[in-house]
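First comes the structure, then the notes that go with it.
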Amino acid sequence: MAKCYVCGKTTKVGRSVTFSGERNPRLFKANLHRVKAVLEDGTVKRIYVCTKCLKAGKVVKAVRFS
């Protein structure tokens with residue numbers, strides 16, 4: 001689930017460095033949003049997309065009718 005549908009961005013492993021220089025492992029998680037989007041074949045589906053792809057316009061959001 002924790003993967004961008006468009007670019008495939010996932011969780012990365014890195015280190016946090018304290019003031020004293022201690023290095024501890026930590027996770028950098030992708031900023032994912034659950035979006036109702038129109039896919040290439042025209043179907044509407046709820047997908048997880050990172051905010052970079054949303055901002056770049058790589059995803060077409062589905063229009064809600066009320």
- Query: Atom NZ in Lys12, atom OG1 in Thr10: separation rounded to 0.5 Å?
  - Reply: 4.0 Å
- Message: Whether the side chain of Arg64 engages the backbone of Ala62 through a donor-acceptor N/O pair (distance < 3.5 Å, no angle test) should be reported.
- Response: no
- Kindly compute the distance separating OG (Ser16) from CG (Leu27), expressed to the nearest 0.5 Å. 10.5 Å
- Quick one: pull up CD in Glu22 and OG in Ser20 and give me the separation to the nearest 0.5 Å. 4.5 Å
I'd like a table of donor-acceptor pairs (distance under 3.5 Å, sequence neighbours excluded) in which one partner is a side-chain atom from residues 30-49, with atom names and distances.
residue	atom	partner	partner atom	Å
Asp41	OD1	Thr43	N	3.4
Asp41	OD1	Thr43	OG1	2.9

- Query: Can you tell me how far NZ of Lys58 sits from SG of Cys53, rounded to the nearest 0.5 angstrom?
  - Reply: 4.5 Å
